[in-house]
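Keep in mind that this is a model prediction, so the values were computed, not measured.
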Amino acid sequence: MTKTILPRDDGSNGWYHQLETRFDANELKHDKQVDWLVIGAGFTGLAAARRLGELRPNSSVVLLEALRVGQGTSGRNSGFVIDLPHKRDLESHDDARKQHQLKLNRQAIADLGHHVERFGIECGWSIEGKYQGAVGERGLAFLTQYEQCLKALDYPYERLEREALATRLGTRHYASAIYTAGGALMQPAALVRGLADSLPENVTLHEQTPVTSLTREAGGWIATTQAGSVRAKKVILASNIYSGQFGFLRNRMLPVMTFASMTRPLTHEERRGFLNRQWGLTPADHAGTTLRMTDDFRLMVRNQYRYVPKYHDDLNEREAIRQGHRESFLTRYPQLAHVPFESTWGGACGLSTNFEPWFGKVADDAWMTGIHQSVGVGRGTISGRLLAEMALGEDSELLSSMLAITGKPGRNPPQPFLGVGVRARMRHAAWASRSEF
């Protein structure tokens with residue numbers, strides 16, 4: 001049996017701490033035999049398990065989650081569901097690929113919005129769009145490039161300069177920004193918990209049940225946990241970077257952690273000058289700073305990256321990261337210097353050297369999707385749904401679109417060259433983008 005590195009909760013996730021405490025984790029404590037096993041209850045795994053349950057109501061489906069739903073990566077993002085192709089995907093010259101991505105992202109938003117409305121999930125869901133902001137010359141150059149990409153896509157947008165932005169964001173720090181209206185904002189930990197609470201009846205969720213090994217056997221797969229096992233005819237891996245622990249795409253994933261800090265809710269007086277609703281801003285320069293105003297009027301700052309080959313960061317660095325967030329916050333909102341941060345947390349995501357995600361079959365009766373290049377909410381949601389359909393032999397235009405944009409993640413160079421190279425590249429990006437922090 002190969003010893004795996006298990007997910008762990010560091011107790012720092014500000015989104016998760018806003019949720020009501022629940023005690024029933026329904027841990028797996030015995031052996032089970034089922035038709036389908038899904039590993040990982042983030043956006044991807046929840047979408048896959050839901051689709052399996054919907055399309056095969058007479059089949060048994062087990063969904064295993066190492067932590068509590070919402071504690072892991074899916075509950076730690078910045079709360080954007082982006083409709084546009086993101087970052088390098090948008091900048092590519094493949095117009096057909098971008099149209100496929102736009103269609104898939106819009107379907108993910110529609111799916112999530114449907115579930116929120118149908119099941120009454122309280123997660124601050126709102127189609128608010130987002131801003132793409134620039135501070136200095138470097139950021140403005142990226143913003144102009146972004147504008148050109150939007151024109152090529154024939155995607156409507158609004159460009160705002162400093163004074164107009166200040167009346168919306170409460171800060172004159174940004175020289176310019178572009179607003180697009182199609183994306184959604186939400187509270188991610190609340191959304192994934194709500195999705196988990198509304199799964200079909202034939203789907204059984206076991207939380208706090210990490211998989212310690214996954215092996216192929218006659219007639220299917222067996223997942224061993226700390227207190228039991230699941231034998232399944234077929235398996236879907238929605239465990240992203242942890243899938244390498246089971247031998248899948250082991251040398252093709254780059255685990256990278258990004259960090260955020262969040263304030264307490266602002267008072268009515270403190271939020272004078274802001275839009276009276278939630279909003280979100282992503283940086284035109286990829287390595288810049290993300291900002292969020294939540295639906296309960298907390299400000300969130302996200303920047304800084306770390307390469308985490310063991311999937312967890314060094315907690316001793318958190319104070320320095322928090323201080324960096326504080327500096328970014330005060331540069332934008334010096335009038336709020338008295339407002340403290342309540343939490344600082346990190347969330348690991350999967351990248352690849354050639355910026356390609358993975359979607360498809362990885363072994364007999366085993367399918368996987370992951371390495372979603374920092375857009376895991378929308379991409380994870382639609383990938384999970386379509387992977388389940390693929391595994392069931394279904395076909396659709398959406399699945400054709402997914403296959404049309406699916407590549408193969410590049411192979412990583414060996415250690416220690418990989419670690420040295422990734423860390424050097426991150427340091428250079430931080431230095432080059434310092435004006436946008």
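Other residues, nucleotides and ligands place no more than 12 heavy atoms under 6.0 Å from the CZ atom of Arg277. Within a 6.0 Å sphere centred on NE2 of His17, heavy atoms belonging to other residues, nucleotides or ligands number more than 12.
At a threshold of 4.5 Å between non-hydrogen side-chain atoms, the residues Trp36 and Val235 do not count as touching. Side-chain contact between Leu214 and Trp221: present, with at least one pair of heavy atoms (C-beta onward) separated by less than 4.5 Å. Here the side chains of Thr73 and Asn240 are not in contact, with every heavy-atom distance at 4.5 Å or above. With contacts defined as side-chain heavy-atom distances shorter than 4.5 Å, the pair Ile5/His312 qualifies. Residues Leu281 and Thr290 form no side-chain contact, since every pair of their non-hydrogen atoms from C-beta on lies 4.5 Å or further apart. Taking 4.5 Å as the limit, some side-chain heavy atom of Ser396 sits within range of a side-chain heavy atom of Leu386. Considering only heavy atoms from C-beta on, Leu191 comes within 4.5 Å of Phe43 through its side chain. Two residues are said to be in side-chain contact when any heavy atoms from C-beta on lie closer than 4.5 Å; Lys130 and Thr180 meet this criterion.
A salt bridge is defined here as a Lys NZ or Arg NE, NH1 or NH2 lying under 4.0 Å from an Asp or Glu carboxylate O, and Arg306 with Asp313 fails to meet this definition. Salt-bridge formation is not detected for the pair Glu356/Lys408: no Lys NZ or Arg NE/NH1/NH2 atom is positioned less than 4.0 Å from an Asp or Glu carboxylate oxygen. Between Glu389 and Arg51 there is a salt bridge, since a side-chain N of the basic residue sits under 4.0 Å from a carboxylate O of the acidic one. Under the 4.0 Å criterion applied to side-chain N and carboxylate O atoms, Arg172 and Glu161 are not assigned as salt-bridge partners. For the pair Asp10 and Arg76, the salt-bridge criterion is met [side-chain N within less than 4.0 Å of a carboxylate O]. Arg193 has no carboxylate O lying under 4.0 Å from a charged side-chain N of Glu207, or vice versa, which leaves the two without a salt bridge.
Donor-acceptor pairing under 3.5 Å is recorded for the side chains of His286 and Glu91. Side chains of Arg332 and Thr171: a donor-acceptor N/O pair is absent below 3.5 angstrom, by distance only. In this structure, a donor-acceptor pair under 3.5 Å is absent between the side chains of Thr289 and Glu436. Counting only N and O atoms by type, the side chains of Tyr311 and Arg8 include no donor and acceptor under 3.5 Å apart. Between the side chains of Thr282 and Gln132, a donor-acceptor pair is found at a separation under 3.5 Å. When only modelled atom types and interatomic distance are considered, Ser126 and Asp295 share no side-chain donor-acceptor pair under 3.5 Å.
Once rounded to the nearest 0.5 Å, the distance linking CG of Leu160 with OH of Tyr174 reads 14.0 Å. Residue Ile127 holds its CD1 atom at 8.5 Å from CG of Asp83, rounded to the nearest 0.5 Å. Rounding to the nearest 0.5 Å gives a distance of 5.5 Å between CG of Leu254 and CG of Leu418. The distance from atom OG of Ser261 to atom CZ of Arg318, rounded to the nearest 0.5 Å, is 9.0 Å. Atom-to-atom distance recorded for Asp395:CG and Leu392:CG is 12.5 Å, nearest 0.5 angstrom. The CG atom of Leu84 lies 7.5 Å from the CZ atom of Arg106; values are rounded to the nearest 0.5 Å.
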Which pairs would a plain distance check flag for residues 109-124, meaning a side-chain donor or acceptor within less than 3.5 Å of a matching protein atom at least two apart in sequence or in another chain?
| from | atom 1 | to | atom 2 | distance (Å) |
| --- | --- | --- | --- | --- |
| Asp111 | OD1 | Gln107 | NE2 | 2.8 |
| Asp111 | OD1 | Arg385 | NH1 | 3.3 |
| Asp111 | OD2 | Arg385 | NH1 | 2.9 |

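For Arg326 and Phe341, the positive end sits near the middle of the six-membered ring, less than 6.0 Å away and at most 45° from its axis.
Shown here for Ala388 and Ala48, the closest heavy-atom pair between the two residues is CB-O, 3.6 Å. When all heavy atoms of Pro200 and Arg50 are compared, the closest pair comes out as CG-O, 3.8 Å. Minimum heavy-atom separation, Ile82 to His86: CD1-CE1, 3.6 Å.
In this structure, Phe297 has its ring center at least 6.0 angstrom away from the ring center of His268.
Between the side chain of Ser433 and the backbone N or O of Ala430, no donor-acceptor pair lies under 3.5 Å. No donor-acceptor pair closer than 3.5 Å links the side chain of Asn251 to the backbone N or O of Arg411. Proximity of a side-chain donor or acceptor of Asn77 to a complementary backbone N or O of Ser374 within less than 3.5 Å is not detected. In this structure, the side chain of Glu270 engages the main chain of Thr267 through a donor-acceptor pair within 3.5 Å.
Note: Trp279 and Phe274 have parallel aromatic rings, judged against thresholds of 30 and 60 degrees for the angle between ring planes.
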Could you walk me through whether Arg68 and Arg22 pass side chain to side chain contact (heavy atoms under 4.5 Å, CB included), step by step?
CA-CA 9 Å; Arg68 299 303 299 267; Arg22 297 197 302 189; 4.1 Å; yes
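For residues 418-428, there are no salt bridge (Lys or Arg N to Asp or Glu O under 4.0 Å) pairs, not counting sequence neighbours.
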